[in-house]
Each structure stands twice: as C-alpha cells, then as structure tokens.
Student: 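My questions all concern the structure below.
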Amino acid sequence: MTMPLPPPSPSRALLLGALALLSASTLMFEVLLTKLFANKLDHHFTFAIISIALLGFGASGVWVHARGRLFASADAALPRRLAKYAAAYSASVPLSIALFVLLPLDPSFPGWFGALAMPLYFALFASVFFLAGVCISAMFVAPGLRPSLVYFWDLSGAAIGAAAGPWVLARCGAYGAIAVAASLAWGACLLLNAGKRRGALRRVAVPTAAMLVGTLLLFAAPGWLRRGIGFDIVSFKAAEVKREFALFGPAVQTYWNAVARIDVSPTGTSEQVSFRYGIPRRLWSAPLRGRMILVDGGANSRQYMFDDLRQAEPLLKSALWAAPYVLRGDARRSLIIGPGGGIDILIGRLHGVREIDALELNPDMYALLLGRPEDPERAAYTRWLGSDDKTRVTVHNAEARHWAHASRRVGGYDVVLASGVDTLTAVQTAGNALTENFLYTGEAVQDYVRLVEPGGMIALTHWHLEPPTLALKMFLTYLQVLERRGIEDPGRHVAVVSEGFWE
C-alpha cells in the first residue's frame, strides 16, 4: 500500500527552489571557468577546475559538519542564514572573474612567482565554491528535507546549469554568461529571504547591491585591459603570437563557444612569421594583406585579402600545403580538414581542383568562412571561398573524424589534407607521442585512406618539429596503416616535407 506524500511546505519549497538555482549556478560557473582558464593559461590547466570545485565543496561540507547545531536546527532562521552565504556567493562569482582576468600570474613563470600562481587561483575559486557549497551541504542535513528530494533538486539544477553553460556562452559571451550564473545565485538569495516579510527589503537590498557592484567590475575590467594592452585578459600564453596579433590592432570581432574562443583582428599588412607561415621564405618580402584569427588566445589562423585571385598564385601555389597538389598534378576533388581562415581552399582552387569539401568544427569559424552578417568585410574575404563555374566549394560544420568514419563513401577524393589541425596542448607538450588526437589515430588514417582514390594523397601537416616526437609518431602510424593494408615496402609511399627547407 502506498500513500501520497504531502506537498512541500512553503519554507521547504523555497529551500528546494534555492537549491536548484544554486546548483545550476555552480555547474554553469564550473563550465565557464574551463573556457576562461583555456584562454588565460595553457589548455591542460582546465583539468584543475574539477579539483578546485571539489576543494571548495569539500571544505564547505566540513564547515557544515563542524557547525552542525547551527545548520541542522529546525528553526525558521535557517533560510535567512543560508541567504547570507548565497548572497556572498552571487557577489563573489563576478568579482573573482574580474580579479582573475587582471592578475598577471602564470604557472609557466620560473621561480616562486610561477609556483604561487596555481595555489592562488585554487584559493580564489575554491572560496567561491565554498560559499555555494555551504548552502547545498546544509540542505542535506536540514530537518524535514528528505535526502532523496534534496538529491533530485540538486542534480536537476546541476544538469540544467551544465547544459545551459555552453548555450549561454555562445549567446552572451564569457562575461555575460558569468553574469547569468551570478544572477541565478541572486535568485536563490531572494527565495531564501522570501520566507519572512519583515525586513525583507533590507535583507535583499544589500546582496543585490553587492552582486551589481561585482557585475559592473566584471564588465569594466576587460574594458580597461582592452584599452590598455589590446586584450581583455592578462595572459602570457603564446605571447609571441599575441604580440603579432596586436600589431594589427585590438580585435574587432570576438566570439565564444564551447569549442574555442575566436578573435578577429582588423585588416592590415604584416611581415610577421605567424602571418606568413607555410609560404616560401624567398617570398616573405612580398606585400600580403589580410587579418589574423586567434583561437583560444594562442593558436592562430589567417585570412588573406586579394582583389584578384591571380595575385595569390606566386604565394600560395608554392606554399607548404600545396605539396600534395604539386605531387599529384591532376587532383580534381579534395577534402580539407580544418580549413581555418580558408587558405587551404584558396590553394586547392589555384591548383584547379573542381570540387572541395571542407570540414570545420568550430561553429564561429564556420560562420566566418561563409560570411557573418555582422562582419563588415565579409565580402572581401569570402569572395574566393565560395563556389563558381570552375570550383564547387562546400563547407561543412562537422567534426572531421566522425564525418570521415560515418561516411560510407569509398574513394572519391584525390587529396585529403589537414594543415596543422592540432590541439595546442598536445602539440606544445608533444602529448600526441603518448596520447591520441582522434584526428591522427591509426583508425582515423584508415578512414582517410578509404576516402582517397587509387593514387590519391593524404597530407597531414604539423607545425611543431622540436622535439620530433610527434612527427615520428605520425610517420610510424602511416607505416602501420599501410602494412595492415598489405602494401609492400610501405616506406616508399610516405614522404616528409618540412617548411624549414621549403625554399
């Protein structure tokens, strides 16, 4: 025999509603921190976010346990007591991010200055999670709240926050999304203060003012930095690339999404290395106009501006990534993995390719290739990236490995090309020598081999040669794939071309 449970009391309903909002806020904040860490520090530091959150939540659980009489009491003051922690959390979310973007600390610095960076970041953000964790932990020991009910609202709110984080990030940017996370916590504070009307306005006014001040600083700090140093985050990651980007001027377009942040420079002329990488050094003195695209504050791509595509022939027909077309000579169909700013598309067109399929994972880079409506110079950059009577160009917003594996096509392409499509961390640390980038596993290469016509070419290029562990791993991967396919003397089917000797 089952008996229906009575509906929750008003005070209990307010506690559970506040719990859901706090859980949504903390998970959204955690997701957003991974993107901010990826932009300010090297990507592998994003794994520290889980440890930071666990440290803050663990400390809050100890705090609640040590002060059990205060939080486990059945008095009506518990919601207002928790409201103070929720208010402090809602203000600390934007304040911590404002401080984070301003701090000139990086774990890669030598000596004590670098050694103290991560402990300080741990302390900064663990204290934020601690404040929210006190509220959540207290509800697990609060009289009258069944643990199963607390788990339900906690996990439901967390799921909503985790799912909403990337969606809000793409529409509001990182700082707007942080403000949304703070607003959710502020809503929890309002619910916790709603149980008693006397003095409610006073109790709500203080946390509201604190949250608004924190939010104003959150938006002001990046603005100060843009005016001062040209970037909205003090970061020493890829400092040389940032310096070359800054020569064009501050970013005129910035887009955030779950894959990577995209910054687009103004149009200009540059003779810097990163703007001409892959072009024969004997042609570096030739004028080259365009703009740089910074990916997650470190990796760079480029877009070149040509009034006439014939102007690009001396530069791009002999570029490093033209090697498979030069060797093949009669390529008619090509598959480009990670076209970036579109240089690989231009090279294919200049070599007479009739059909080009390009696979771009980042949705904002994909939109940039097609021509974003808010981009005032879209026509100048996309005019040579679309189809015409000589070449059909199709750009897909797709993950290349999945696309290649899911495609049941056999043959069809004369060239499969991926130019420097690497995760920044894996390349900088030579991590691909030990762990897999899914674009370059043996199984992935087998999928690419399946897509090429007999006599076709697969060209997977990398930009990091020292130490040579990554290049050696890829060389061995190609040999193993060819051996599995029964190719005799596979070494005769693999060639290595280095930009350092591409004169």
Side-chain angles (χ1 to χ4, degrees), residues 13-36 49 52-57 59-61 63-64 71 78-100 124-140 142 150 153-169 172-195 200-219:
L14 293 175
L15 283 172
L16 293 174
L19 170 63
L21 288 175
L22 284 169
S23 296
S25 174
T26 54
L27 261 293
M28 182 181 292
F29 185 56
E30 192 173 346
V31 169
L32 297 172
L33 274 181
T34 64
K35 301 312 301 174
L36 288 160
I49 302 301
I52 291 172
L54 288 176
L55 176 61
F57 285 134
S60 68
W63 178 259
V64 170
F71 293 106
L78 179 62
R80 296 195 301 277
R81 194 175 297 128
L82 296 182
K84 295 178 181 179
Y85 286 93
Y89 168 71
S90 68
S92 67
V93 167
L95 283 172
S96 64
I97 297 301
L99 186 58
F100 178 68
L124 173 64
F125 291 115
S127 63
V128 178
F129 287 108
F130 169 83
L131 294 170
V134 169
C135 297
I136 297 171
S137 299
M139 294 188 196
F140 278 99
V150 174
W153 287 100
D154 177 37
L155 295 178
S156 297
I160 292 172
W167 187 87
V168 176
L169 175 69
C172 303
Y175 308 116
I178 290 293
V180 171
S183 298
L184 291 174
W186 175 71
C189 178
L190 294 184
L191 287 179
L192 292 169
N193 275 311
L201 183 61
R202 176 179 54 81
R203 290 193 300 271
V204 170
V206 174
T208 300
M211 194 271 289
L212 290 176
V213 169
T215 303
L216 288 174
L217 288 174
L218 168 69
F219 287 104

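These figures come from a predicted structure and were not determined experimentally. Heavy-atom basis, side chains included; hydrogens, waters and symmetry copies ignored.
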Student: Within the distance-only criterion (no hydrogens, no angle test), does the side chain of Ser96 pair as donor or acceptor with the backbone N or O of Val93 below 3.5 angstrom?
Tutor: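 Answer holds: yes.
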Student: Between CD1 of Ile52 and CG of Leu124, what distance do you get to the nearest 0.5 Å?
Tutor: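 Going from the CD1 atom of Ile52 to the CG atom of Leu124 covers 8.5 Å.
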Student: Which heavy atom of Ala164 sits nearest a heavy atom of Met28, and at what distance?
Tutor: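 Result for this residue pair: CB-CE, 3.7 Å.
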Student: For Ser92 versus Leu131, what's the shortest heavy-atom pair and its separation?
Tutor: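 In this case the closest contact between Ser92 and Leu131 is OG-CD1, 3.8 Å.
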Student: Are any of the side-chain heavy atoms of Leu33 and Ile97 separated by less than 4.5 Å?
Tutor: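 Sidechains of Ile97 and Leu33: in contact.
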Student: What distance do Ile136 atom CD1 and Ser23 atom OG have between them, rounded to the nearest 0.5 Å?
Tutor: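 Between Ile136 CD1 and Ser23 OG, I get 4.0 Å after rounding to 0.5 Å.
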Student: Between Met139 and Val150, which heavy-atom pair has the shortest distance, and what is it?
Tutor: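 Result for this residue pair: O-CG2, 3.6 Å.
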Student: Work out which heavy atom in Cys189 is nearest to a heavy atom in Ala83; give both atom names and the distance.
Tutor: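 Heavy-atom minimum between the residues: SG-O, 3.7 Å.
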Student: When rounded to the nearest 0.5 angstrom, what is the spacing between CD1 in Ile160 and CG in Leu27?
Tutor: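 One gets 10.5 Å once the value is rounded to the nearest 0.5 Å.
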Student: Parallel, tilted or perpendicular, judged at 30° and 60°: which one describes the rings of Phe29 and Phe129?
Tutor: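 The rings of Phe29 and Phe129 sit tilted, inter-plane angle from 30° to 60°.
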Student: Going from CG on Leu216 to CG on Leu95, what distance comes out if it is rounded to the nearest 0.5 angstrom?
Tutor: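 Here the rounded value is 10.0 Å.
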Student: Looking only at heavy atoms, what is the nearest atom pair of Ala18 and Ala188, with distance?
Tutor: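 Shortest heavy-atom separation between Ala18 and Ala188 comes out as O-CB, 3.6 Å.
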Student: Roughly how far, to the nearest 0.5 Å, is the CG atom of Leu82 from the CG atom of Leu191?
Tutor: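 If I round to the nearest 0.5 Å, the distance is 12.5 Å.
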Student: Can you name the nearest heavy-atom pair linking Ala179 to Thr215, along with the distance?
Tutor: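 Answer, listing the atom of Ala179 first, then Thr215: CB-CG2, 4.1 Å.
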Student: Could you pull out all residues at least two apart from Trp153 that satisfy side chain to side chain donor-acceptor pair (under 3.5 Å)?
Tutor: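 Applying side chain to side chain donor-acceptor pair (under 3.5 Å) to Trp153 gives none.
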Student: Just do the side chain to side chain contact (heavy atoms under 4.5 Å, CB included) check on Phe125 and Ile49 with the steps written out, would you?
Tutor: CA-CA 9 Å; Phe125 291 115; Ile49 302 301; over 6 Å; no
Student: To the nearest 0.5 Å, what is the distance between NZ (Lys84) and CG (Leu192)?
Tutor: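 Answer rounded to 0.5 Å: 12.5 Å.
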Student: Quick one: list whatever passes side chain to side chain donor-acceptor pair (under 3.5 Å) with Ser25, sequence neighbours left out.
Tutor: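 Result, side chain to side chain donor-acceptor pair (under 3.5 Å) vs Ser25: Tyr89.
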